[in-house]
Amino acid sequence: MKRNLNLCWLLLLIFVPVLIYLSFKSRQTFKHYEELRKDLILSEYRIKKYVYRFNRELYTENLTLRDLYLTDLNNDTVPIKSLVTSSKLIYRFSNQSCSACVADDIKYLRELGDSIGYQNIIIISDYENTRLLNIFRNSTGINFPCYNFTGSFNLSIETDSDIKKTPFFFLLDEKLKIQYAFLADEYPELNEIYFSRIRAFFRKGF
């Protein structure tokens with residue numbers, strides 16, 4: 001009897017650590033599986049997001065923008081066609097856009113302006129009035145021409161299902177033809193690629 005009891009204790013001493021180890025490994029495996037599942041869901045979301053972005057950019061490319069009437073810093077009405085006597089980079093953002101995102105974009109535009117010329121960049125927002133546009137320009141200390149337009153461009157790229165509208169860029173030539181439409185992105189790498197392409201355009205003209 002005593003011998004059997006000792007054997008039972010021996011088996012317990014052997015199997016309990018094994019069971020604890022297996023239980024620990026099982027929890028680790030489950031945790032790893034959950035992490036992989038979350039990564040997969042995130043990857044699927046990003047793919048859908050970039051397909052959506054690409055479609056919006058693609059369906060904006062080579063369209064002709066109608067001659068919009070903008071409001072300048074002096075509250076005067078200006079047709080956009082009179083401003084675009086040569087190709088210009090247009091940056092469009094909304095007062096509903098993420099303010100940190102706009103600040104990042106302005107930083108990129110400053111750097112870009114140093115290489116392609118500030119006169120080749122036009123900023124168009126949708127503030128309620130000229131006073132707010134002037135406050136924005138003075139607070140950021142930018143040198144770009146700034147205008148207000150509260151309506152829609154009627155472009156695919158500005159159709160946004162999000163509450164906060166995503167800023168976007170495009171090149172506009174003197175015939176108001178759109179090229180290189182691009183939605184601003186939270187990943188700096190994509191923005192850098194886009195702005196490198198814009199620099200090449202102004203250097204080479206294509």
Side-chain angles (χ1 to χ4, degrees), residues 57 60-153 155 157-158 165-206:
E57 293 166 353
T60 301
E61 198 73 13
N62 293 322
L63 293 179
T64 299
L65 187 69
R66 72 185 194 280
D67 191 14
L68 307 173
Y69 285 82
L70 313 177
T71 304
D72 67 13
L73 294 166
N74 297 314
N75 210 34
D76 294 324
T77 301
V78 183
I80 195 169
K81 193 172 182 62
S82 68
L83 303 173
V84 188
T85 54
S86 60
S87 292
K88 306 290 183 186
L89 178 66
I90 307 296
Y91 175 59
R92 170 67 163 173
F93 76 95
S94 167
N95 62 2
Q96 298 177 31
S97 300
C98 158
S99 57
C101 302
V102 173
D104 286 342
D105 293 339
I106 294 298
K107 181 186 71 173
Y108 283 116
L109 288 173
R110 286 179 189 278
E111 296 172 1
L112 192 64
D114 290 338
S115 59
I116 71 171
Y118 291 94
Q119 74 281 2
N120 289 319
I121 299 171
I122 296 175
I123 294 178
I124 305 175
S125 188
D126 65 351
Y127 286 107
E128 293 178 7
N129 53 59
T130 305
R131 182 182 66 84
L132 293 174
L133 180 62
N134 273 292
I135 290 172
F136 164 77
R137 190 172 189 270
N138 293 333
S139 64
T140 54
I142 54 177
N143 299 320
F144 315 111
C146 293
Y147 298 89
N148 244 359
F149 181 74
T150 56
S152 170
F153 285 10
L155 300 174
I157 198 169
E158 66 183 337
K165 296 184 178 179
T166 306
F168 58 90
F169 304 85
F170 59 83
L171 278 179
L172 193 65
D173 68 14
E174 60 275 11
K175 295 180 181 178
L176 301 187
K177 182 181 177 182
I178 295 171
Q179 292 179 286
Y180 303 121
F182 177 74
L183 278 158
D185 196 270
E186 68 263 31
Y187 294 103
E189 295 83 0
L190 286 179
N191 291 329
E192 287 290 350
I193 292 170
Y194 178 74
F195 291 124
S196 293
R197 184 66 188 90
I198 295 302
R199 288 188 187 93
F201 174 88
F202 279 97
R203 281 199 306 267
K204 302 175 183 177
F206 59 87

*Nearest 0.5 Å please: distance from the CG atom of Leu172 over to the NZ atom of Lys88.*
10.5 Å
*Which distance, rounded to the nearest 0.5 Å, do you find between the CZ of Phe202 and the CG of Leu112?*
7.5 Å
*Once the angle between the rings of Phe168 and Phe170 is folded into 0 to 90°, is it parallel (under 30°), tilted (30 to 60°) or perpendicular (over 60°)?*
parallel
*What ring pair (Phe, Tyr, Trp, His ring centres under 6.0 Å) pairs are there with at least one residue in residues 63-92, not counting sequence neighbours?*
Tyr91-Phe93, Tyr91-Phe169
Taking all non-hydrogen atoms of both residues into account, name the closest pair between [X] and [Y] and its distance.
{"X": "Lys81", "Y": "Asp67", "result": "N-OD1, 3.0 Å"}
{"X": "Gln179", "Y": "Phe201", "result": "OE1-CE1, 4.4 Å"}
{"X": "Lys165", "Y": "Ser97", "result": "O-OG, 2.8 Å"}
{"X": "Ser152", "Y": "Glu158", "result": "OG-OE2, 2.8 Å"}
{"X": "Val84", "Y": "Asp173", "result": "CG1-O, 3.3 Å"}

_Could you check whether any side-chain heavy atom of Phe136 comes within less than 4.5 Å of a side-chain heavy atom of Ile142, counting everything from C-beta outward?_
yes
_Sub-4.5 Å side-chain heavy-atom contact between Asn120 and Leu89_ = no
*Under the side chain to side chain donor-acceptor pair (under 3.5 Å) rule, what pairs show up with a residue in residues 126-136, not counting sequence neighbours?*
Asn75-Thr130, Ser94-Asp126
*Considering residues at least two apart in sequence or located in another chain, which fulfil the side-chain contact (heavy atoms from CB on, under 4.5 Å) criterion with Ser139?*
none
*Look at the side chain of Glu61 and the backbone N and O of Tyr180, then say whether any donor-acceptor pair between them is shorter than 3.5 Å.*
yes
*asked:* By the definition side chain to side chain contact (heavy atoms under 4.5 Å, CB included), identify the one residue from Ile198, Asn191, Ile157 that meets it with Phe182.
replied: Asn191
